[in-house]
There are 2 protein chains.
Amino acid sequence: MTNSKSDTEKVILEAARKVFIRKGLDGARMQEIADEAGINKALLHYYFRSKEKLFKMVFREAMGKFFPSMLMILGSQDIAIEKKVEVFIEHYIRIIQENPFIPSFIIGELNKNPGQLTEFFVESGMDTSRVSFIIEEVLAKELKISTQQARHLVVNIIALSVFPFVSRPLLEKIIFHSNKDEFDQFVSERKSVIMNLIGTSIYR
Amino acid sequence: MTNSKSDTEKVILEAARKVFIRKGLDGARMQEIADEAGINKALLHYYFRSKEKLFKMVFREAMGKFFPSMLMILGSQDIAIEKKVEVFIEHYIRIIQENPFIPSFIIGELNKNPGQLTEFFVESGMDTSRVSFIIEEVLAKELKISTQQARHLVVNIIALSVFPFVSRPLLEKIIFHSNKDEFDQFVSERKSVIMNLIGTSIYR
DNA sequence: GTCTATACGGTGATAGAC
DNA sequence: GTCTATCACCGTATAGAC
């Protein structure tokens, strides 16, 4: 049983990623994906039965890039909390820099169809209660803060890390005057800015 | 010359808002907007020539809810900087609470079609250089920080205020277990959380 | 101004040859 | 496995009656 995907299948998935992540489920066209992959529409349906199925592959893969490592880092019991926050921020900014359009893709699709979130967690066998456990039993206890404060902490870290990428078109235009280099420079400074901000909120 | 819009026009715009903001340009259907307004498709085209024109109305209106007041608050020269930040956060969280789906709508559409941002600023007669002026000449000078630090400050404030709403489906599911009341409670605490965080980064 | 009916171009999906 | 041709449907937009 060779589970190795054929080349064509990989090419299609790569093309689908590109198009779906840029245009979203509704905006994407099977024709465009076929063109991007250098094949024809019929072949798309031969490998993946429908647009929806192909989309789910891409969406699930995108979700998978973020969640498991998030839980792994925050949930690890053998790293000091200070270090943990640092590793988390470092890891996230790197992942997002490598996949800059995925956050807005995920957020956009979830806002249009929140139901697929439940679906995702069920089908991928992930346990949402693990997040609560980490917040309540790991972060709150280690930092000696309330559950609610730990929630704000986690949301703050993610917000500060992710938001610049999600709102990139806006920031690039109105703050950096469409200068991509300045935006990149800005992003490269984020880690230390966030560390400082979060640091002072933890150690006081 | 009575510029007052007819009732039908207002009803259509209200319906268009609802549908476009939920589903986006690509996901929205003229039929759905017609149903929502209690009329038929033909009448939509009678009042607004095309789907695109109707969308632009909604998009421009949504943008207008956020930008002018943002510039007004941050740019005002007669309020102390500490108070200014407070007013800004207060104002923003209130505006977003009243229009919770607009930020993700704007961000989603801008990511799919960044070009319309330029278009918006040109057509609305707004000046993007005003933002730079405020950051460089007002915030940086008042706080005695660098231009770049002032940029991080502005992005931090907006990120912390806006992100919970943009990522609401995700947060509600994995942190609050679909309990809307807990999410609302969380949001109501954001103002003071953000003020504390930003405060310590300003006065040190 | 508002409606019904319809034109017309896409779009996802399938049939069938090679 | 991969292609061309085609189908059935949907979505925007318009024509024309009232």
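A, B, ... follow the sequence lines: proteins, then strands. Residue 1 opens every chain.
For the contact set between residues 6-19 of chain A and DNA chain C, defined by any heavy atom under 4.0 Å, there are no members.
Residue pairs meeting the side-chain hydrogen bond (donor to acceptor under 3.5 Å, both in side chains) criterion with at least one member in residues 6-16 of chain A, sequence neighbours excluded, are Glu14(A)-Arg17(A).
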Quick one: side chains of residues 103-115 of chain B, donor-acceptor pairs under 3.5 Å with protein atoms, not counting sequence neighbours, listed by atom name and distance.
from      : atom 1 : to        : atom 2 : distance (Å)
Ser104(B) : OG     : Phe101(B) : O      : 3.2
Glu109(B) : OE2    : Leu25(B)  : N      : 3.1
Asn111(B) : ND2    : Val166(A) : O      : 2.9
Asn111(B) : ND2    : Ile107(B) : O      : 3.0
Asn113(B) : OD1    : Gly115(B) : N      : 3.4

Could you go through residues 77-89 of chain A and list every donor-acceptor pair under 3.5 Å that involves a side-chain atom there, pairing it with any protein atom two or more places apart or in another chain?
from     : atom 1 : to        : atom 2 : distance (Å)
Lys84(A) : NZ     : Leu74(A)  : O      : 3.2
Lys84(A) : NZ     : Ser76(A)  : O      : 2.9
Lys84(A) : NZ     : Glu142(A) : OE2    : 3.0

Acceptor/donor pairs from residues 154-163 of chain B side chains to any protein atom, 3.5 angstrom cut, sequence neighbours excluded:
from      : atom 1 : to        : atom 2 : distance (Å)
Asn156(B) : OD1    : Arg190(A) : NH1    : 2.8
Asn156(B) : OD1    : Arg190(A) : NH2    : 2.7
Asn156(B) : ND2    : His152(B) : O      : 3.2
Ser161(B) : OG     : Ile157(B) : O      : 2.8

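The separation between Leu44(A) atom CG and dT4(D) atom C1' is 15 Å, rounded to whole Å. In this structure, CG of Asn40(B) is placed 4 Å from P of dC3(C), rounded to the nearest angstrom. When rounded to the nearest whole Å, the span between CG of Asp35(A) and P of dC3(D) equals 12 Å. Across the protein-nucleic acid pair, Lys5(A) atom NZ and dG1(D) atom P stand 14 Å apart, rounded to whole Å. Separating the NZ atom of Lys23(A) from the P atom of dT11(C) is a distance of 10 Å, rounded to the nearest angstrom. The CD1-P distance, from Ile39(A) to dG12(C), rounds to 14 Å in whole Å.
A side-chain donor-acceptor contact under 3.5 Å links Lys173(B) and Thr118(A). Side-chain atoms of His91(B) and Ser69(B) include a donor-acceptor pair closer than 3.5 Å. Remark: the Ser132(B) side chain and the His177(A) side chain contain an N/O donor-acceptor pair separated by less than 3.5 Å.
Taking 4.5 Å as the limit, some side-chain heavy atom of Phe20(A) sits within range of a side-chain heavy atom of Ile33(A).
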Between the protein and nucleotides 11-15 of chain D, list the N/O to N/O atom pairs that are separated by less than 3.5 angstrom.
from    : atom 1 : to       : atom 2 : distance (Å)
dG11(D) : OP1    : Arg29(B) : NE     : 3.2
dT12(D) : OP1    : Lys51(B) : NZ     : 3.0
dT12(D) : OP2    : Met30(B) : N      : 3.0
dA13(D) : OP2    : His45(B) : NE2    : 3.0
dA13(D) : OP2    : Lys51(B) : N      : 2.7

